[in-house]
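Please read the structure below before turning to the comments.
Note on naming: letters A, B, ... go to the chains in the order of the sequence lines (proteins, then strands), and numbering restarts at 1 for each one. When reading the values below, keep in mind they use all heavy atoms of this one structure, side chains included, and skip hydrogens, waters and symmetry mates.
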Amino acid sequence: MDQNNQERYEDSELYRIRHSLSHIMAQAVLEMFPEAKYTIGPPVENGFYYDFDLPRTLTPEDLEKIEKRMRQIVAGKYDFVRKVVSADEARRIFANQPYKLELINDLERGETDEHGQPLDEKPEISIYTHGNFVDLCRGPHVQNTSQINPSAFKLMSVAGAYWRGDEKNPQLQRIYGTAWRTKEELERYLQMLEEAKKRDHRKLGRDLEIFIFDDEVGPGLPLWLPRGGVIIEELEKLAKEMEEQAGYQRVRTPHLTKEDLFLRSGHLPYYAESMYPPMELEGVRYYVKPMNCPFHHKIYAAKPRSYRDLPVRLAEYGTCYRYEKSGELFGLMRVRSMQMNDAHIYCSEEQFEQEFLAVVELYLRYFALFGIEKYVMRLSTHHKRGLGKKYVDNERLWLKTEEMVRNAMRHGGVPFVEAADEAAFYGPKIDVQIWSAIGREFTLATNQVDFAVPERFNLTFVNRHGEEETPLCIHRAPLSTHERMVGFLLEHYAGNFPVWLSPEQVRIIPITDSHNEYARQLEQEMRAAGIRAEADLGQDRMNAKIRSAQLLKIPYMAVVGDQEVNSRTIALRRRDGSRQNDVPVQAFIEQVKERIRTRSAEL
RNA sequence: GCCGACGUAGCUCAAUCGGCAGAGCAACCGCCUUGUAAGUGGUAGGUUACGGGUUCGAUUCCCGUCGUCGGCUCCA
């Protein structure tokens with residue numbers, strides 16, 4: 001959409017407008033609550049926010065007042081004036097603002113920026129003033145508030161947010177706003193949000209009868225309806241085909257295990273927070289599994305392995321349970337029971353690069369099949385401060401495996417970004433990041449290196465010199481979990497699944513009930529050909545039947561009347577509204593079968 | 001888990017100031033026999049999420065629990 005998308009956001013006019021509006025909002029809030037403490041307020045993707053420590057909770061009416069006052073300030077045509085100050089001067093100016101003082105102290109030490117991120121060099125301390133409002137800020141801003149369009153911004157919501165993003169810190173009130181250059185841009189953005197809601201998998205999942213949640217079953221525990229069940233079956237079929245070709249072997253493992261296994265694997269020391277509490281029977285504690293890996297390790301260890309056997313690739317669509325905190329649940333994208341497209345690859349160090357890349361290539365094949373284009377591959381690495389807490393305590397191995405992954409990606413020519421402090425507890429990983437309809441970021445596929453756990457399980461193979469060696473383990477889930485994958489695909493396709501994934505592929509619609517018999521015959525014929533077809537023999541008129549099929553986003557409607565009965569044809573209506581009359585039944589069946597066989601994206 | 005908002009029929013949503021809880025769609029029973037997005041008449045459907053409290057009387061006000069949503073934290 002943007003001609004000059006080469007320009008960094010930080011350098012853009014929009015960034016300055018949003019940043020300035022966040023100051024103006026802070027001014028309005030401080031006028032309303034003179035005792036308020038203000039913290040930070042940066043521009044974000046579609047607007048800006050500001051975090052405040054306030055004497056009371058904000059109401060929607062407050063937002064209206066604040067927004068109104070902001071318009072007045074904008075109309076006041078104030079200049080934004082930058083001034084570099086010493087740390088002492090800054091401390092004097094913000095003497096009553098504890099959060100600002102903390103920021104100033106950190107800046108003075110040259111350690112961290114306003115988000116608590118480490119800084120490379122010691123920064124200048126600057127303040128920006130407009131009118132009588134002053135804020136600690138590095139800018140940039142508009143020169144004058146007249147450069148802000150008063151009808152191109154809107155305050156959106158209030159939310160809780162921890163000071164410096166740490167849940168141990170006090171919780172602040174964050175006001176989100178959106179801001180654009182023109183009123184039209186704002187309206188377009190608001191309309192886009194409306195459109196996104198229609199694509200939301202939570203809405204589509206209900207409308208298309210894919211899944212439900214039931215209060216009595218529990219939060220984060222989805223029930224797959226028959227139509228959702230079909231999609232899952234198709235995904236598993238796909239995974240099994242691909243994995244068989246790629247040399248994986250399928251295994252099956254229980255949902256429960258004794259405590260000992262998760263002590264050995266390190267899940268209890270590093271991952272207990274996300275696990276359901278244990279159940280105790282006859283003095284033994286059992287846990288429901290949050291991951292499949294320990295079981296696969298046991299299968300690997302079930303017999304002696306030679307270097308000739310490697311790589312060993314064990315695959316399982318395993319069902320796992322994780323106790324996600326209640327506020328973290330989000331439709332199908334974040335649940336408590338999930339089935340993972342899981343596999344563990346045990347290989348030697350020499351085999352690592354090839355195996356790792358083969359997994360990345362597998363992702364790319366899947367993504368091409370689904371037409372997924374908007375994603376980012378992210379190398380998630382450890383952070384020193386988490387060693388022994390979030391991460392297995394062996395810095396040398398962390399650095400080594402991270403470099404192995406980096407090299408594999410570079411040699412494979414696969415672009416990626418790096419994110420520190422995002423690794424799994426047992427090793428670095430390549431995550432594939434995607435965005436939900438409403439803009440939330442999720443990891444879809446993942447490819448993780450485990451340098452720690454094979455040793456804990458005493459996994460070995462005998463190398464060509466007759467010595468015992470510890471294999472590396474790659475954990476991978478290219479198709480994510482069924483839950484997140486189906487949630488994502490619902491939004492990705494906006495419910496218009498390709499034929500092979502469509503829960504119902506053909507809806508047969510008789511024009512009057514005298515054509516019911518023919519419709520029934522067609523249904524049988526198509527089903528015999530492996531097509532998911534259903535004849536609609538209900539009381540509705542043809543038009544109503546077409547409408548229901550259309551609302552369920554069924555790819556093909558076969559409308560049949562006298563003409564079709566006589567010539568053994570169908571009148572084809574596709575989901576996109578296109579039509580084709582007099583299609584011979586056999587020709588139609590063959591074409592649909594071909595689309596299914598090739599998993600074609602074509603309608 | 002934390003902050004805030006919300007919770008009425010399967011779905012979408014009404015119900016003035018505290019005064020008998022309502023509509024459309026869907027479902028069910030009929031009539032119509034129809035050519036590409038809703039033919040038509042009727043019937044049924046509710047402990048207003050749950051549990052307390054205030055009140056002559058609570059969907060409405062208060063408290064608690066559960067759930068959902070927007071964020072934060074966390075994550076496949």
Exercise. B:rU43 and B:rC25: how far apart are their P atoms, nearest whole angstrom?
Worked result: 14 Å
Seminar exercise, completed: Heavy-atom nearest nucleotide on RNA chain B taken for A:Asp421 and for A:Met542; more 5' hit belongs to A:Met542
Seminar exercise, completed: Interatomic distance, OH@A:Tyr99 vs CG@A:Leu172, rounded to 0.5 Å, equals 5.0 Å
For this session: Remember a base hit wins even if backbone is also touched, and classify A:Tyr176 as base, sugar-phosphate or nothing at under 4.0 Å, heavy atoms.
Result: sugar-phosphate
For this session: Could you give the distance separating B:rC61 and B:rG18 at their P atoms, to the nearest angstrom?
Result: 8 Å
Problem set entry | Side-chain ion pair, A:Glu167 and A:Lys325, N-O less than 4.0 Å | yes
For this session: Using the salt bridge (Lys or Arg N to Asp or Glu O under 4.0 Å) rule, pick out the option among A:Arg313, A:Lys237, A:Arg476 that qualifies with A:Glu243.
Result: A:Arg476
For this session: Under 4.0 Å between any heavy atoms, over every strand shown, what does A:Gln539 touch: base, sugar-phosphate, or nothing? Just pick one.
Result: base
Problem set entry | RNA chain B contacts made by residues 507-523 of chain A, counting heavy atoms under 4.0 Å | A:Ile511, A:Thr512, A:Asp513
Exercise. Which two nucleotides bound the region of RNA chain B that has atoms under 4.0 Å from heavy atoms of chain A, read 5' to 3'?
Worked result: B:rG1 to B:rA76
For this session: Answer yes when A:Arg227 and A:Glu504 have at least one side-chain N-carboxylate O distance shorter than 4.0 Å, and no when they do not.
Result: yes
For this session: For B:rC62 and B:rG19, measure between their P atoms and round to the nearest Å.
Result: 15 Å
Exercise. On RNA chain B, nearest-nucleotide positions of A:Asp562 versus A:Gly331: which is more 5'?
Worked result: A:Asp562
Problem set entry | Distance between C1' atoms of B:rC74 and B:rU60 (Å, rounded) | 38 Å
Problem set entry | Base-pairing assignment for B:rG41 (Watson-Crick or G-U wobble, both under 3.5 Å) | B:rC29
For this session: Taking atom P in both B:rG57 and B:rU12, compute the distance separating them and give it to the nearest angstrom.
Result: 34 Å
For this session: Report the base-pairing partner of B:rC61 (Watson-Crick or G-U wobble, both distances below 3.5 angstrom), or none.
Result: B:rG53
Exercise. Looking at A:Lys240 and A:Glu236, does any basic side-chain N land under 4.0 Å from a carboxylate oxygen?
Worked result: yes
For this session: Name the pairing partner of B:rU68, where a pair is Watson-Crick or G-U wobble with both distances under 3.5 Å, or state none.
Result: B:rA5
For this session: Write down the distance separating the C1' atoms in B:rG45 and B:rC6, rounded off to the nearest Å.
Result: 25 Å
Problem set entry | B:rU47 and B:rG70, which share atom name P, separated by this distance in whole Å | 29 Å
For this session: Decide if the gap between the ring center of A:Phe442 and the ring center of A:Phe488 is smaller than 6.0 angstrom.
Result: no
For this session: Return the nucleotide paired to B:rU48: Watson-Crick means purine N1 to pyrimidine N3 with N6-O4 or O6-N4, wobble means G-U with N1-O2 and O6-N3, both under 3.5 Å.
Result: none
Seminar exercise, completed: The single option from A:His383, A:His382, A:Lys390, A:Lys384 that satisfies side-chain hydrogen bond (donor to acceptor under 3.5 Å, both in side chains) with A:Asp421 is A:Lys390
Exercise. How is A:Gly577 classified with respect to the nucleic acid when contacts are heavy atoms under 4.0 Å: base, sugar-phosphate, or nothing?
Worked result: nothing
Exercise. Is a salt bridge present between A:Arg574 and A:Asp576, judged by a nitrogen-to-oxygen distance below 4.0 Å?
Worked result: no
For this session: Assign A:Ala549 to base, sugar-phosphate, or nothing according to its heavy-atom contacts below 4.0 angstrom with the strands shown.
Result: nothing
Exercise. How about A:Tyr287 and A:His267: are their ring centres within less than 6.0 Å of each other?
Worked result: no
For this session: Please give the nucleotide sitting opposite B:rU16 as a Watson-Crick or G-U wobble pair, both distances under 3.5 Å, or none.
Result: none
Problem set entry | Pairing partner of B:rG35 (Watson-Crick or G-U wobble, both distances under 3.5 Å) | none
For this session: Rounded to whole angstrom, note down the C1' distance from B:rG67 over to B:rG51.
Result: 15 Å
Exercise. Counting any heavy atom closer than 4.0 Å, what does A:Arg579 reach on the DNA or RNA strands: base, sugar-phosphate only, or nothing?
Worked result: base
For this session: Could you tell me whether A:Lys429 and A:Asp431 make a salt bridge, using a distance below 4.0 angstrom between a side-chain N and a carboxylate O?
Result: yes
